[in-house]
Asker: 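The structure that follows is given in the form of structure tokens.
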Protein chains: 2
Amino acid sequence: MTVSEQDRNISSSFAKGLAVLAVFDAATPSMTLAEIARRSGQDRATARRGALTLVQAGYLRQDGRMLSLTPRVLALAGGFLQANQFGRKVQPVLNRHARQMEVEVTLAMLDQGRVLLLAQSTVEHSHITYGFTAGSHIPLAHTSLGRMLLAGLPSEEAAAVLADADIPRHTEQSLQDPAAILERAAQAREQGFCITGSEFEAGITGYAVPVARPGRTPVVVGSSAPRGLHPEADAERLLRGLQLCAAELRQAEAVDHL
Amino acid sequence: MTVSEQDRNISSSFAKGLAVLAVFDAATPSMTLAEIARRSGQDRATARRGALTLVQAGYLRQDGRMLSLTPRVLALAGGFLQANQFGRKVQPVLNRHARQMEVEVTLAMLDQGRVLLLAQSTVEHSHITYGFTAGSHIPLAHTSLGRMLLAGLPSEEAAAVLADADIPRHTEQSLQDPAAILERAAQAREQGFCITGSEFEAGITGYAVPVARPGRTPVVVGSSAPRGLHPEADAERLLRGLQLCAAELRQAEAVDHL
DNA sequence: ACATTGTGTGCAGCATTCGCACAATAGCCG
DNA sequence: CGGCTATTGTGCGAATGCTGCACACAATGT
């Protein structure tokens, strides 16, 4: 900011404002100005102006001294979802397979070192745990979706991404060693699917398969279910279902523009 | 812009940048810089800086000369959805009722003179038409959701909102006269529900009921279905279902913070 | 080939933004 | 309870970053 000749094609005020908008995540639904300033690494006055601008634009609401997102941010996502025809090409496919498999099916890709959920289908009796939705971030290291995404990258790139991600310990079974995680990802790449057991949530097994897009940033579909009585049979059934789902998405050109 | 003392608490560059982001909607999934400038009413150079900043921040992607939204915008919406626990409190309720009623159920509110879809049941189901998703805008004047939302406003406010909205003619049956539309809204307010027939899409009947939130900006749930053989019976069944759904959402305090 | 529409860049001037410093408020502990 | 500190909200001068014009060039399409 002070020092260098900064790119004159970039509006720094705008970038700072966006940073303000981006600090609102699941962990911190509403924040005070000072907290926003801290999180976005900006001067309080600067953050304040950004936040007030967002309030005026209708993306943020002010309750006393707390600021929180308004539903209008959904409209931004809506532009993306409609542009890519999620409502017609993606959601129905996920729903149908979810119904057949009797588990929820999730479409995801990589974003900023985390797994970004793009779409999700739920069936009524599915066990809902964290309440993730489209737009949620979930961890990279200990989910089948994350591992499968890593598998979709060239291995040195995967290592780089993983190095930047944090590796919390969700359960006893969570692998902690990056090398071990990469090893699992490599295995997933060869197999063409990924299964993780109880690393993110105890007693839950995750399944994921790639939606092949040669040379592009990887996209995957996955499911999770409680460990059943016949793990092998479950795995086979679910993986087969997911693979069908992935093939259908690919064929519908539903993910070509991601 | 030039003359008047503009609010020193508002960052105009940021506001302009946001305007750039907001021009991306369903109708125009990808645009050239010049088009963005036109739509956002900004100088090309200004719009260009805004767009390039968005590219750098990862919200926009540049393919040749076309710019389009990236999946990262979903993350912004994700913050809102998780903050309001849509995944746990809203989606399951919609899904369950949709399953029971065998129609799609949608939660919506008012935003910028249009109907903003907040959430939609993801149950597998028949007639999918436009492929709307959460974050989609649909018209105010000719949908049951829109009319019910108008009904939730004080009547002079409803008139003002409607006056600013455009009233296209989707079908032969679309009412064109604002007064007539307000009349229907008033009727909906008294009845506590709204039914529209073929005004948005031929052969499709829409149903909506309010999720009462005294004194706050209205929120509604609704469905649509092809006209069946027994319109009266269908209406009764669906309205009853929607009312149950609305009651449940209210009770779960799912919409308290909207 | 021409007309049209889109894109990149330099620049000068002034509006805009920065970040400090002060005021006001909340929180804490003896 | 009262005095203390930590945290928050805001006004203001200075300088920086931004705007929008104009020009040159590239890519369409007729």
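Letters A, B, ... mirror the listed sequences (proteins, then strands); counts begin at 1.
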Asker: For B:Phe24, what residues pass the ring-ring contact (aromatic ring centres under 6.0 Å, His included) criterion, not counting sequence neighbours?
Answerer: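 So B:Phe24 forms no ring-ring contact (aromatic ring centres under 6.0 Å, His included) with any residue.
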Asker: Under the salt bridge (Lys or Arg N to Asp or Glu O under 4.0 Å) rule, what pairs show up with a residue in residues 20-32 of chain A, not counting sequence neighbours?
Answerer: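 Every candidate salt bridge (Lys or Arg N to Asp or Glu O under 4.0 Å) pair involving residues 20-32 of chain A fails, so no pair, neighbours aside, qualifies.
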Asker: Just grab all the salt bridge (Lys or Arg N to Asp or Glu O under 4.0 Å) pairs involving residues 27-43 of chain B, residues at least two apart or on different chains.
Answerer: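 Matches after skipping sequence neighbours: B:Glu35-B:Arg39.
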Asker: Any residue in residues 32-49 of chain A with a heavy atom nearer than 4.0 angstrom to DNA chain D? Just list them by number, or reply none.
Answerer: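 Only A:Leu33, A:Ala34, A:Arg38, A:Arg44, A:Arg48 qualify.
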Asker: Once salt bridge (Lys or Arg N to Asp or Glu O under 4.0 Å) is applied, what residue pairs with a partner in residues 71-83 of chain B remain, sequence neighbours excluded?
Answerer: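 Sorted result for residues 71-83 of chain B: A:Asp111-B:Arg72.
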Asker: Return each pair, listed once, that meets side-chain hydrogen bond (donor to acceptor under 3.5 Å, both in side chains) where at least one residue sits in residues 247-257 of chain B; pairs must be two or more places apart or across chains.
Answerer: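 Listed by first then second residue: B:Arg96-B:Glu248, B:His97-B:Glu248.
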Asker: Between B:Lys16 and D:dC18, is there a side-chain N or O to OP1/OP2 distance below 4.0 Å?
Answerer: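 Result: no.
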Asker: Given atom CZ of B:Phe14 and atom P of C:dC18, what is their separation to the nearest angstrom?
Answerer: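 After rounding, the reported distance stands at 11 Å.
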Asker: Filter on ring-ring contact (aromatic ring centres under 6.0 Å, His included), then keep only pairs touching residues 152-175 of chain B, sequence neighbours left out; what's left?
Answerer: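 Listed by first then second residue: B:His142-B:His170, B:His170-B:Phe200.
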Asker: State, yes or no, whether a side-chain contact exists between B:Val23 and B:Thr28 at a heavy-atom distance under 4.5 Å.
Answerer: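 A side-chain contact is absent here, since even the closest heavy-atom pair is not under 4.5 Å.
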Asker: Can you find a heavy atom in the side chain of A:Asp63 that is under 4.5 Å from one in the side chain of A:Ser30?
Answerer: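 In short, these two side chains do not touch, never coming nearer than 4.5 Å.
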Asker: Suppose we screen for side chain to side chain contact (heavy atoms under 4.5 Å, CB included). Which residues come up paired with A:Gln85, at least two apart in sequence or across chains?
Answerer: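 If we apply the side chain to side chain contact (heavy atoms under 4.5 Å, CB included) test to A:Gln85, skipping adjacent residues, the hits are A:Arg88, A:Lys89.
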Asker: Does anything in residues 155-174 of chain A pair up under salt bridge (Lys or Arg N to Asp or Glu O under 4.0 Å), and if so which pairs, sequence neighbours excluded?
Answerer: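 Pairs touching residues 155-174 of chain A that pass the test: none.
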Asker: Does B:Ser13 make a side-chain N or O approach to OP1 or OP2 of D:dG17 shorter than 4.0 Å?
Answerer: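 Indeed not, no polar side-chain atom of B:Ser13 lies that close.
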Asker: Under 4.0 Å, heavy atom to any atom of DNA chain D: which of residues 52-65 of chain A qualify?
Answerer: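 DNA chain D contact set from residues 52-65 of chain A: A:Arg65.
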Asker: To the nearest 10 degrees, what angle separates the axes at the start and end of the helix from C:dA1-D:dT30 to C:dG30-D:dC1, five pairs each?
Answerer: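 Comparing the axis at each end, I get an angle of 60°.
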Asker: May I have the distance from A:Asn9 (atom CG) to D:dT19 (atom P), rounded to whole angstrom?
Answerer: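 Spelled out: CG on A:Asn9 to P on D:dT19 is 12 Å.
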Asker: Output every pair passing ring-ring contact (aromatic ring centres under 6.0 Å, His included) with a member in residues 55-79 of chain A, not counting sequence neighbours, ordered by first then second residue.
Answerer: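 Qualifying pairs: none.
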Asker: Under 4.0 Å from OP1 or OP2 of D:dG17: is there any side-chain N or O of A:Ser12 that close?
Answerer: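 Result: no.
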